[in-house]
Amino acid sequence: LSGDRITALFLSPHFDDVALSCGGTVVQAAASGRATVATIFGGQPAGGLNAFAEFQHDRWGALGNAVDLRREEDLAALRALGASPSWLDFPDAIYRDDLYLSDDELFGPVKSGDVETSKSVCQAIAHLIDTSGSEVVYAPLGVGGHVDHLLTRDAAVNARHAGVELLLYEDLPYAAAEGAVGRWRARLPLRLSPLLVDVTAEIDARIRAIAAYRSQLPTIFRHHGHWESVVRAYASDLSGASDRYCEHVWRVVGERS
Ligand SMILES: [Zn+2]
């Protein structure tokens, strides 16, 4: 190990996405070096909340400051994974003026009013990758199409260079919907090579980490079933055995012609 160098950098659009999607891979990276989980849209709302943001806060049971609460949850989750947090100040889509006012809009096209945010996220992620010194970077595949996931993924894809290996993780719980990974993967103009990571030894730590995001789980999993069953079933299906668990990541190997 060389001093403060980060050995694996995980880009999480929101607090919870990395633990949910590839927490076992984080535990392994942390065990063999230093893992950082950077939450891109971890900022405070700039002003008052629109009605949709108020509605989300209600669903989360967030009585006071929702971002402070979510940062507390993130600290506990990353302790369980052995990783350190880094919080970028971009506000979540629900806090960006009145751009996204419904679930349909959150999972629809990136709005033209988000151009400046998109540029700034690209710069920030490129800077983060360069200053981290990490040779391995994980970003979301963008399954489900949440606008913040797409912005994070596209920024990571733009920032990749010869010195960095970029791997895309399957966004849970959206990836648990039948056929979703294949559908979203097909939209990417990238050549991807699959990598199956055995996380049987790490699954319990991942479950403990996910459990820390208490305010989010009921909302995120409302269409999917009980969160722990969904996470375990997805990981054991990937392994092909009922007593083993895997995570699936996709290495970016080039452009698709
Ligand atoms: Zn998310």
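Predicted model only: the values in this text are computed from it and were never measured.
Ring orientation note: the planes of His14 and His146 are nearly perpendicular, at an angle over 60° on the 30°/60° scale. The aromatic rings of His224 and Phe221 sit perpendicular, their planes meeting at an angle over 60°, well past the 30° parallel limit.
To the nearest 0.5 angstrom, Arg59 atom CZ is 13.5 Å from Glu54 atom CD. One finds the CG atom of Leu168 at 11.5 Å from the CG atom of Leu195 (value rounded to the nearest 0.5 Å). Ile207 contributes atom CD1, which lies 8.0 Å from atom OH of Tyr245 (distance to the nearest 0.5 angstrom).
When Leu78, Ile40, Asp74, Thr39 are each tested for a side chain to side chain contact (heavy atoms under 4.5 Å, CB included) with Ser12, only one passes: Thr39.
Between Asp171 and Val143, the closest heavy-atom pair is OD1-N, 3.0 Å. The nearest pair of heavy atoms linking Leu69 to Ser215 is CD2-CB, 3.9 Å. Counting all heavy atoms, side chain and backbone alike, Ala8 lies closest to Ala29 at CB-CB, 3.7 Å. The nearest pair of heavy atoms linking Ser239 to Ser236 is OG-O, 2.9 Å. Among all heavy-atom pairs drawn from Ala180 and Tyr174, the shortest one is CB-O, 3.5 Å. For the residue pair Ile94 and Asn50, the shortest heavy atom distance occurs at O-ND2, 3.2 Å.
Judged purely by atom type and a 3.5 angstrom limit, Arg244 has no side-chain atom pairing as donor or acceptor with the backbone of Asp198. Remark: side-chain polar atoms of Thr36 are not paired, donor with acceptor, to backbone N or O of Leu9 under 3.5 angstrom. Formation of a donor-acceptor pair under 3.5 Å by the Arg153 side chain with backbone atoms of Leu141 is found in this model. Panel note: side chain Glu247, backbone Gly24; a donor-acceptor pair is recorded below 3.5 Å. The backbone N or O of Val252 lies less than 3.5 Å from no partner atom in the side chain of Arg191, so there is not a single donor-acceptor pair. Looking at Ser193, its side chain never comes within 3.5 Å of a backbone N or O of Arg251 through a donor-acceptor pair. At distances below 3.5 Å, at least one donor-acceptor pair connects side-chain atoms of Ser132 with backbone N or O atoms of Ile129. Side-chain N or O atoms of Ser134 include one that pairs as donor or acceptor with a backbone N or O of Thr7 at under 3.5 Å.
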Are Phe41 and Val121 close enough, and set up right, to give a side chain to side chain contact (heavy atoms under 4.5 Å, CB included), and what steps lead you there?
CA-CA 9 Å; Phe41 296 94; Val121 166; 4.0 Å; yes
Steps toward ring pair (Phe, Tyr, Trp, His ring centres under 6.0 Å) verdict (Tyr95, His57)
CA-CA 11 Å; Tyr95 303 137; His57 282 202; 5.7 Å; yes
For side chain to side chain donor-acceptor pair (under 3.5 Å), just list the numbers for Asp104 and Ser102, CA-CA rounded to whole Å, side-chain angles, deciding distance to a tenth of an Å, and then say yes or no.
CA-CA 5 Å; Asp104 281 350; Ser102 66; 5.2 Å; no
Side chain to side chain contact (heavy atoms under 4.5 Å, CB included) evaluation trace for Val197 with Glu202
CA-CA 11 Å; Val197 183; Glu202 293 81 19; over 6 Å; no
Criterion side chain to side chain contact (heavy atoms under 4.5 Å, CB included) on Leu217 and Thr219, from CA distance to verdict:
CA-CA 5 Å; Leu217 293 170; Thr219 302; over 6 Å; no
Under the ring pair (Phe, Tyr, Trp, His ring centres under 6.0 Å) criterion, do Phe10 and Tyr138 qualify, and how do the steps go?
CA-CA 5 Å; Phe10 293 82; Tyr138 293 82; 4.3 Å; yes
Apply salt bridge (charged side-chain N to carboxylate O under 4.0 Å, His left out) to Asp103 and Arg222, showing your working.
CA-CA 12 Å; Asp103 283 323; Arg222 68 195 181 284; 3.1 Å; yes
Just do the side chain to side chain donor-acceptor pair (under 3.5 Å) check on Tyr100 and Asp114 with the steps written out, would you?
CA-CA 10 Å; Tyr100 303 98; Asp114 243 354; 2.7 Å; yes
Go through the steps to decide whether Leu20 and Ile220 satisfy the test side chain to side chain contact (heavy atoms under 4.5 Å, CB included), and finish with yes or no.
CA-CA 11 Å; Leu20 265 170; Ile220 299 176; 4.2 Å; yes
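Taking a cutoff of 4.0 Å between a charged side-chain nitrogen and a carboxylate oxygen, Asp89 and Arg71 qualify as a salt bridge. Using a 4.0 Å cut-off between a side-chain N of Lys or Arg and a carboxylate O of Asp or Glu, Glu170 and Arg185 do not qualify as a salt bridge. A salt bridge links Glu255 with Arg160; the closest basic N to acidic carboxylate O contact falls under 4.0 Å. Under the 4.0 Å criterion applied to side-chain N and carboxylate O atoms, Lys111 and Asp97 are not assigned as salt-bridge partners. A salt bridge does not link Asp16 to Arg206: none of the charged nitrogens lies less than 4.0 Å from a carboxylate oxygen.
For the 3.5 Å distance criterion, the side chains of Gln44 and Asp68 qualify, holding a donor opposite an acceptor.
Residues Val157 and Val253 are members of separate hydrophobic clusters, defined by side-chain heavy-atom contacts under 4.5 angstrom among Ile, Leu, Val, Met, Phe, Trp and Tyr.
For Asp148, the salt bridge (charged side-chain N to carboxylate O under 4.0 Å, His left out) test picks out Arg96, with sequence neighbours left out.
Side-chain contact between Phe15 and Glu73 is absent, with no heavy-atom pair separated by less than 4.5 Å. Leu11 has its side chain within reach of Val137: a pair of non-hydrogen atoms, C-beta onward, lies under 4.5 Å apart.
The number of heavy atoms from other shown groups lying within 6.0 Å of CD (Glu72) does not exceed 12. Heavy-atom contacts from other residues, nucleotides or ligands closer than 6.0 Å to NE2 of His226 number more than 12.
Geometric assessment of Arg70 against the ring of Trp60 yields a positive cation-pi assignment under the 6.0 Å and 45° thresholds.
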